[in-house]
Amino acid sequence: MADQNYCTMKMMNPLVFKRNSKASKEKGKMAPFAKPSISSPVSSYHHQSKQFPEQSMPSASIEHPTPAEENSDSDDEKLLRALMEADSNKEEDSDSEDDDNKPLSSRYLKATGKTPSKRPLDHQANFSEQSWVKRLKLSGSFSPSKNKQVSTKEEPQVDDDDDIILAQRMKNIRKSSPKPKQKVPKVGSSSKTINKGKKPDKLSKDQPGSESNDGQKKYWTSLIHSGVIFPPPYKPHGVKMLYNGKPVDLTPEQEEVATMFGVMKDSDYAKNQRFRNNFWKDWQKLLGKKHVIQKLDACDFQPIYEWCCQEKEKKKLMSTEEKKAAREEKLKQEETYKWAIIDGVKEAVGNFRVEPPGLFRGRGEQPKSGRLKRRIQPSDVTINIGKDAAIPECPIPGESWKQIRHDNTVSWLACWDDPISEEKTKYVYLAANSSLRGQSDKQKYEKARKLKDYIEDIRAAYTRAFTIPSKEDGAILKRQIAVATFLIDRFALRAGNEKDVDEEADTVGCCTLKVENVKAIAPNLLEFDFLGKDSIKYHQTHQVELPVYDAIKQFQDGKSSGDKLFDRLDTNILNAHLKELMPGLTAKVFRTYNASITLDNMLNEKTKQVGDASARVRVYKDANKQVAILCNHQRAEPKTFGEQISGLKKKIEDLKGVMEALETDLIRARKGKSPLKDGDGKQKRNLTPEALEKKMAQTTKKIETTERIIADKEDNKNVAMETSKVNYLDPRITVAWCKRHEVPIEKMFKTALLQKFDWAMDVDAYFRF
DNA sequence: CGTTGGACTTAGTACTGGTGAC
DNA sequence: GTCACCAGTACTAAGTCCAACG
């Protein structure tokens with residue numbers, strides 16, 4: 001149902017602009033590395049093939065062709081297509097097979113409904129059967145075994161997997177069956193060195209993908225996929241809304257948009273005047289100027305709203321089997337869209353579903369919030385696909401794609417113009433767990449690690465420049481660059497591109513800070529108060545060196561509150577300067593660097609002091625939280641937060657009651673008396689004073705634990721921990737730490753992250769960022 | 001050399017399905 | 001079996017940055 005989305009729409013949580021803890025961070029002082037990152041002693045076919053070459057990007061047309069490249073592309077792709085189909089049939093068949101005959105990994109995947117990963121995470125399957133400690137001891141390392149043939153083509157090293165014909169490879173990918181030779185060696189068992197542990201290569205490219213001779217980066221030589229899937233057409237429900245209390249007839253198009261708005265009744269959007277105005281403007285265009293409905297305020301969407309609630313209810317009431325059947329039907333329809341074959345390797349596609357029509361939900365004071373986001377038609381969609389691949393059939397009969405392209409210098413599979421701002425484009429990419437994305441992810445972290453070698457000089461340079469003499473050429477610009485770089489480095493501010501005020505919410509980053517966003521408080525405090533990305537409030541006060549303080553005051557001098565603080569600066573100028581300091585350096589690299597190095601340092605400083613595994617996990621969470629605060633990653637308070645807390649508080653009250661009773665019983669027991677009756681009037685068991693004391697100790701502990709849970713929840717209610725995990729923390733830090741401290745990686749990364757960070761799993765236990 | 005378009009990364013919220021308590 | 005809860009996923013908005021353009 002097209003309106004399904006509307007029916008389930010919930011109240012949007014207003015962003016919480018609560019301030020984060022002001023705990024001043026110690027980012028400035030970076031301890032020298034106790035240990036250089038050492039080369040991985042682990043080697044095996046398995047390990048080798050996973051490693052992305054350090055010196056240059058894996059090329060789609062490397063000297064070491066896959067079978068696919070040896071054949072003509074078109075034949076090859078036909079073959080792959082056939083394989084894909086054959087395989088999906090096979091999979092359907094196999095569903096009826098006895099699951100016990102399947103490898104654990106596939107059973108796991110099936111049981112969890114996870115994407116049949118091309119790289120099965122066998123360790124996960126095993127994990128449930130052994131405690132992590134046992135597993136760790138048994139294997140010497142929890143290092144996951146993976147289906148390595150997937151990436152053999154990227155690995156110029158000779159390995160016997162090259163003999164496997166493509167068909168077999170595809171099958172292996174699908175079946176996820178681990179091969180004996182892929183078993184992970186113990187850490188330290190190898191003679192081959194993969195990561196030399198040296199500085200990241202100078203040659204590594206800024207962008208993923210290999211480069212052809214003309215310097216143009218190239219993502220693939222062959223690319224097959226099925227295009228995109230469109231939301232079903234709108235099904236009119238015929239429920240009449242009221243205008244001035246009277247039912248109104250609407251055309252299906254008008255009704256569709258009315259429904260979009262009607263279901264938002266409870267949300268903040270529906271109350272937001274800008275949202276309402278924008279909605280009304282677009283809806284009125286559909287209604288026509290002469291329509292009965294002349295103003296939004298006289299509209300009553302209640303009947304539509306109720307209809308949606310009923311539909312929701314109906315859905316809920318469906319039997320488990322019905323739900324399952326519906327789900328499976330949906331899955332089946334989507335199956336072909338879920339995958340792409342890129343140079344013979346099957347990869348998951350990310351957002352293969354075209355965005356359904358709806359009302360634009362801009363964040364913060366978005367000028368376009370509430371505008372109708374029109375339906376995307378096939379004629380809006382451009383498909384990017386291999387020259388020899390079959391062009392995906394247009395899923396809507398009688399229509400056709402806007403354009404077919406064969407551009408291997410980009411990684412997107414399809415695109416269309418954003419209906420809200422036509423000058424912007426929406427793209428369909430491979431999923432985060434694809435090797436393409438993995439490569440670029442790894443490069444991002446390698447670049448950030450490279451900054452480690454430059455950071456001292458960079459900091460020294462900008463510190464010097466705070467006090468650059470005014471008579472020097474371009475002194476003000478230089479000083480602004482220095483202070484901006486400092487803010488980006490120390491407080492993890494974003495670069496801050498210029499924005500179009502008419503089109504976007506008024507938010508700022510470093511270069512676009514306004515005078516009013518920073519308050520200099522004598523003697524040397526800076527109070528930052530601004531809305532950043534997603535209109536998330538940044539409100540923190542920091543102590544700074546006097547020269548910075550003075551410079552800020554100087555930049556503010558003679559300006560009005562709305563003026564730019566760094567009037568000489570924009571991100572182009574800043575990044576151009578940064579590039580002179582280190583090749584490829586841009587403002588965002590500092591965030592990655594500081595996030596990752598903070599985690600690495602905190603883990604290495606704090607972990608040894610504590611004993612059991614749960615304590616170590618706490619150290620990790622703590623570090624994670626510090627990073628989240630540093631990067632100002634916030635979240636809205638969970639909806640049921642209040643209830644959660646009051647539930648826990650009640651639990652404490654109950655426990656305190658128990659304590660009192662135990663105390664009374666203890667006093668009596670010491671006098672040889674039997675305990676009082678309990679609340680229900682029943683006689684309690686006679687216990688010795690020792691037993692009662694033990695019980696009291698247990699209860700006290702429970703109270704303390706619960707109190708800590710409450711405190712933790714309060715403390716973390718506005719902190720988004722996931723964001724940094726997904727985007728800023730080099731997963732190798734986490735993986736290596738897990739290896740060193742016998743913590744199963746599954747405890748730190750959920751399934752999606754395990755897949756996304758597949759490239760990091762083989763890292764040496766002594767890896768340091 | 002500033003502006004714009006294009007491509008890719010980062011971000012928070014909405015939604016869902018699985019799980020454990022009852 | 002039901003239901004509430006919440007962890008995990010899906011979704012898509014909003015950033016960054018580069019290079020082509022004029």
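In what follows, chains carry the letters A, B, and so on, assigned in the order in which the sequence lines appear, proteins first and then strands, with residues in each chain numbered from 1. In this text, all values refer to a predicted model and were calculated from it rather than measured experimentally.
- Salt bridge present: Lys514(A) and Asp506(A) bring a charged side-chain N and a carboxylate O closer than 4.0 Å.
- Taking 4.0 angstrom as the limit, Arg437(A) places none of its side-chain polar atoms (N or O) nearer than this to OP1 or OP2 of dT10(B).
- Taking only side-chain nitrogens and oxygens, Arg635(A) never comes nearer than 4.0 Å to OP1 or OP2 of dA11(B).
- Comparing atom distances between the Arg327(A) side chain and each of dA11(B), dG17(B), dC18(C) picks out dG17(B) as nearest.
- Every residue two or more places apart in sequence or in another chain was checked for a side chain to side chain donor-acceptor pair (under 3.5 Å) with Lys265(A), and none qualifies.
- A straight line from CG of Leu531(A) to C1' of dA14(C) spans 14 Å, rounded to a whole angstrom.
- Taking the side chain of Tyr219(A) as heavy atoms from C-beta on, and the options dT9(B), dC18(C), dC8(B), the nearest nucleotide is dC8(B).
- Closest to the Lys444(A) side chain, of the nucleotides dG17(B), dT10(B), dT13(B), is dT10(B).
- Counting non-hydrogen atoms under 4.0 angstrom, Thr571(A) reaches nothing in the nucleic acid.
- Listed candidates were dA11(B), dT13(B), dA10(C). Nearest to the side chain of Arg353(A) is dA10(C).
- Applying the side chain to side chain donor-acceptor pair (under 3.5 Å) test to Lys373(A) and every residue at least two apart in sequence or in another chain returns Glu355(A).
- Atom OH of Tyr593(A) and atom P of dT10(B) are 18 Å apart (whole Å).
- Side-chain N/O atoms of Thr751(A) include none lying less than 4.0 angstrom from OP1 or OP2 on dG8(C).
- Residue-level contact check: Lys533(A) touches the bases, meaning some heavy atom is under 4.0 Å from a base atom.
- Of the candidates dA11(B), dT13(B), dC8(B), dA11(B) carries the atom nearest the Thr723(A) side chain, counting heavy atoms from C-beta on.
- Between dA14(C), dT13(B), dA7(B), one nucleotide has an atom nearer to the side chain of Ala636(A) than all others, and that is dT13(B).
- Phosphate contact (OP1/OP2 of dA14(C), side-chain N/O of Gln366(A), threshold under 4.0 Å): present.
- Within the nucleic acid shown, Phe360(A) comes within 4.0 Å of sugar-phosphate atoms alone, with no base atom in reach, counting heavy atoms only.
- Remark: Asn575(A) is in phosphate contact with dC17(C), judged by side-chain N or O atoms under 4.0 Å from OP1 or OP2.
- Nucleic acid contact for Gly509(A): none, since no nucleic acid atom lies under 4.0 Å from a heavy atom of the residue.
- Between the NZ atom of Lys424(A) and the P atom of dC8(B) there is a distance of 17 Å, given to the nearest Å.
- At a threshold of 4.0 angstrom between heavy atoms, the contacts of Asn497(A) include nucleobase atoms, whether or not backbone atoms are also involved.
- Across dC18(C), dA13(C), dT10(B), the shortest atom-to-atom separation from the side chain of Thr586(A) is found for dC18(C).
- The aromatic rings of Phe275(A) and Tyr269(A) lie tilted to each other, with the angle between the two planes from 30° to 60°.
- If you check every strand for non-hydrogen atoms under 4.0 Å, Lys368(A) touches nothing.
- Rounded to whole Å, the distance from CG on Asn727(A) to P on dT12(C) is 18 Å.
- Here dC11(C) presents its C1' atom at 9 Å from NZ of Lys426(A), a figure rounded to the nearest Å.
- We find that CG of Leu359(A) is positioned 18 Å from P of dC11(C), with the value rounded to whole Å.
- Along DNA chain B, the nucleotide nearest to Asn572(A) and the one nearest to Thr592(A) differ in position, and the one closer to the 5' end is contacted by Asn572(A).
- When the side-chain nitrogen and oxygen atoms of Thr425(A) are compared with OP1 and OP2 of dA7(B), none of them lie within a distance under 4.0 Å.
- The pair Lys332(A)-Glu329(A) does not meet the salt-bridge criterion, since no charged nitrogen lies less than 4.0 angstrom from a carboxylate oxygen.
- Asp380(A) pairs with exactly one of Arg374(A), Lys426(A), Arg375(A), Lys402(A) by the side chain to side chain donor-acceptor pair (under 3.5 Å) rule, that one being Arg374(A).
- Toward the 5' end of DNA chain B, the nearer of the two residues Glu423(A) and Asp441(A), judged by each one's closest nucleotide, is Glu423(A).
- Of the charged side-chain nitrogens involved, at least one lies within less than 4.0 Å of a carboxylate oxygen, so that Lys444(A) and Asp441(A) count as a salt-bridged pair.
- With the nearest nucleotide of DNA chain C identified for both Leu753(A) and Ala587(A), Leu753(A) has the one nearer the 5' end.
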What do the steps show when you test Tyr620(A) against Thr734(A) for side chain to side chain donor-acceptor pair (under 3.5 Å), and what is the final call? CA-CA 9 Å; Tyr620(A) 185 94; Thr734(A) 305; 2.7 Å; yes

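- Listed nucleotides: dT16(C), dA14(C), dT12(C). Nearest to the side chain of Lys588(A): dT16(C).
- Between the CZ atom of Phe641(A) and the C1' atom of dC6(C) there is a distance of 14 Å, given to the nearest Å.
- Residues Glu498(A) and Ala752(A) each lie close to DNA chain C; by heavy-atom proximity, the contact nearer the 5' end of the strand is made by Ala752(A).
- Considering only the side chain of Lys579(A), dC18(C) comes nearest among dA7(B), dT12(C), dC18(C).
- Of the listed nucleotides (dT9(C), dA11(B), dC8(B)), dT9(C) has the atom at the smallest distance from the side chain of Lys750(A).
- The separation between Phe352(A) atom CZ and dA10(C) atom P is 8 Å, rounded to whole Å.
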